[in-house]
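The next block holds one structure in the form of structure tokens; read it before the comments.
Each chain gets a letter, A, B and so on, in the order the sequences are listed, and its residues count up from 1.
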Amino acid sequence: MDYIETLNEKQREAVLHGEGPILILAGAGSGKTRVLTHRIAHLIYQHRVAPDQILALTFTNKAAAEMRGRVVKVLEKLLPQIFRERDLWISTFHSACVRILRSDIHHLGYSNQFTIYDDSDQQSVIKACLKDLNVSDSVYSPKSIQSRINKVKNEGYDHLSYKPSFGGPYEDIFMRVFERYAEVLKQSSALDFADLILKTVHLFEQVPRVLQGYQERFTYVLVDEYQDTNRSQYLLMKLLAGERQNICVVGDEDQSIYKWRGADIRNILNFEKDYPSARIFKLEQNYRSTKNIIEAASSVISYNTERRDKTLWTSNNEGEKISLFECYDEHDEAHKLIHEVTNAINEGAALNDMAVFYRTNAQSRLVEDMLRAKGVNYQIYGGLKFYDRLEVKDTLAYLKLISNPSDDVSFRRIVNVPTRGIGAVSLEKFTLKAREYDCSLYTLLGKIFGPDPEVVCDLGRGAKNFKTFFHLMESFRAAKQSILPSDLINMVIEDTGYRKSLSDDHSPEAQSRLENLAELRQSVVEFELRRGAENPTQTLTLEGFLEEIALVSDLDKADPTAPAIKLMTIHMAKGLEFDDVFILGLEEELFPNVRPWEPEEPADVEEERRLFYVAITRARKKLRLFFAKNRTVFGNAHFRVSSRFIDEIPEQYLEKNKADYFSRRRNYLERPGLPPRKAWGRSQDEFADPVPDDDYAQVPFDEGSSTEFEGQEAFKRGSKVLHPAFGEGIVRQCLDKDKLMVEFRGQGVKKISLKFSHLKGIE
DNA sequence: TGTTCTATCTTTTTT
DNA sequence: AGATAGAACA
């Protein structure tokens, strides 16, 4: 069996071990995915376990896809006749639970056609609840209530089982909101993310027959990234493992970075207590990185106290030292980054094997601008999402309402989009009526305007409009049965008048919105093609598409082989690896990210340190770290101190590059084709960079720049311009003497004020 | 009821 | 600095 030969001794032991609970402590880059996939393959090939008896759970679709691909690769040669890929349940926690709930949630009195509410849907519900209960949202901010509710649910409790540990008026009100929230969700046939796991747990607890079915079916369960499981996921696995306890978990407590999402590090630390017969395997040999990188990483993580004793080692070469760049400010940082990227490429490094990591999404912007200006291909993951755009969300809300008429969040969103004369006042009245009848909004419409009206009520002037809306929606619901989702989406855009309202509006934004809708339709078409090819028996449903949108992130769809440097937060980087890694913003407050007005919790700093550890260990060959001495936050300049994490790397692994006088000057001089930025204030930054004034006096500040263009005459509709931040664009409209609408490649249309941003004509 | 201006907040990280 | 949500206005 050559698939066994390729493993090292420790890995092989873990793969070959038979029944019972197994904990695999796998350091970064020690081949944990390899062990998992080989174990699955081994169970199927050697122990003749049927593929559909195995359940393997991950956190991201990307990890699931990779694991699936690798299992398939091993097995399709060995067992071509009996092995069917589609029998494998290798998926994320959330998709697996959705699959279970779609077939069985009716036992809990929920509709199997439930809708999944995302973050912003959840927030809308909470706001509505606060309003229902007459609670001021300034005292009880929807955001804090949201995170509290999620926290409770992630810990495995719902509004019935949760008891606040301390009483008090705040707690009472929180509980009332929580209860109302649960009520609204149920009435809307909607589940939030936490519910997907929690309701599955409830289903198993309350309907033993269903649990037993799954326990009998899944004779082996495996969990990847076990350190990131929260309590409700832990309960889920415990139920599924049942008495057989064929549970295999893989994880590394040093890479636990999702505490804020409810991950409970105790799950992995206490595994042997939960499963006393557990066998433990430690994988400590790293195959990924150079010695320098591994030793630096080990040193950093050793500053954490909450960890098992574990030492990562490698037989790889020593490799290059880690480069550290002190930068004058974030502009200089971006500049030095590009400089390093270009150097690396000239030395033969591959662009698609490079990644830039940062702590917060907001940091990406400057880097993007710089990469674009220099013509370096890049791909950015996370941050603002396509599906979050206004017009896309509106259209999706129609689709969601068609799929689930009880979905009140979607109802409210689109009942007056495009405007059809149902304003806030009418809607408010209508909402009260719905509460009176204790039903969802659309259900009430049905009761008033449906074939056999049960309810008569005076909706005033809006009555006619409500009626029109109802019949429109009914026509969609009827059409849904017989046409493809991609045709339905066209029908929605046309018949609601959404397209007309956008094309009547000749503004450039409307134009780009139309394009986004076309793109949305295209993504439905792609879904249909993909699903059709994968699984011809499965019907191409609207629900399937909506589900995919809810559960699949853009990282999952990204193409790792594209010739582009990858930009992402460190959280997104977990599980990935690159030859060259660049980490930005290694400054106190930013990374470790602590809010200066709150007391610093040691446990939080430890989590940040694990995050840094994850970031370092992504690098195969070369690591470059950056920090800035000044950084603009919310438009205000701040001094910065380099991160304590830098000091935790022994000097011998570092090669330090100081910021020189030119770092600052470069900000003016080396911005190709761009005018210099505003003059520096003489205030604080003089202290941060104690250079004599006249050293800077020669830097051409504003001279020259203002003569490049005079007023706005140079810009006409259709002329090409260059913006310091957004890059190349085309003027779509001149609003007045100062304001232009400019369309930028890949970023849609922005309103530009000439007073504040320096536009330059090109060509 | 719909539009435009202003004030406020943002930045942790995501299935 | 920029986006957004609410308030004042037409």
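- Among the heavy atoms of the strands lying under 4.0 Å from A:F193 is at least one base atom, whether or not backbone atoms are also near.
- Residues satisfying the salt bridge (Lys or Arg N to Asp or Glu O under 4.0 Å) test with A:R610, not counting sequence neighbours, are A:E607.
- Using C1' as the reference atom, C:dA5 and B:dT12 are 22 Å apart when rounded to the nearest Å.
- Residue A:R261 places no side-chain atom within donor-acceptor reach of the base of B:dT13, judged by atom type and a 3.5 Å distance cut-off alone.
- Under the 4.5 Å side-chain criterion, counting only non-hydrogen atoms from C-beta, A:L611 is in contact with A:I257.
- Residue-level contact check: A:D118 touches neither bases nor backbone, having no heavy atom under 4.0 Å from any strand.
- Between C:dT4 and B:dT13, the distance separating the two P atoms is 16 Å to the nearest Å.
- Applying the ring pair (Phe, Tyr, Trp, His ring centres under 6.0 Å) test to A:F645 and every residue at least two apart in sequence or in another chain returns A:F591, A:F612.
- Put simply, A:W260 rests on the base of B:dT13: the two rings are less than 5.5 Å apart at their centres and nearly parallel, under 30°.
- For A:K259, the salt bridge (Lys or Arg N to Asp or Glu O under 4.0 Å) partners at least two apart in sequence or on another chain are A:D604.
- One can place CE of A:M568 at 15 Å from C1' of B:dT14, the figure rounded to the nearest angstrom.
- Judged as a salt bridge (Lys or Arg N to Asp or Glu O under 4.0 Å), and not counting sequence neighbours, A:R420 has no contacts.
- Residues satisfying the salt bridge (Lys or Arg N to Asp or Glu O under 4.0 Å) criterion with A:E155, sequence neighbours excluded, are A:K151.
- One interatomic measurement links the two molecules: NE2 of A:H331 to P of C:dA1, which rounds to 10 Å at whole-angstrom precision.
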Between the protein and nucleotides 1-11 of chain B, are there any N/O to N/O pairs under 3.5 Å, and if so, what are the atom names and distances?
from, atom 1, to, atom 2, distance (Å)
B:dT1, OP1, A:G423, N, 3.3
B:dT1, OP1, A:S426, OG, 2.9
B:dG2, OP2, A:N416, ND2, 3.4

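- Minimum atom distance to the side chain of A:R365 is reached by C:dA3, of the listed C:dA3, B:dT15, B:dT14.
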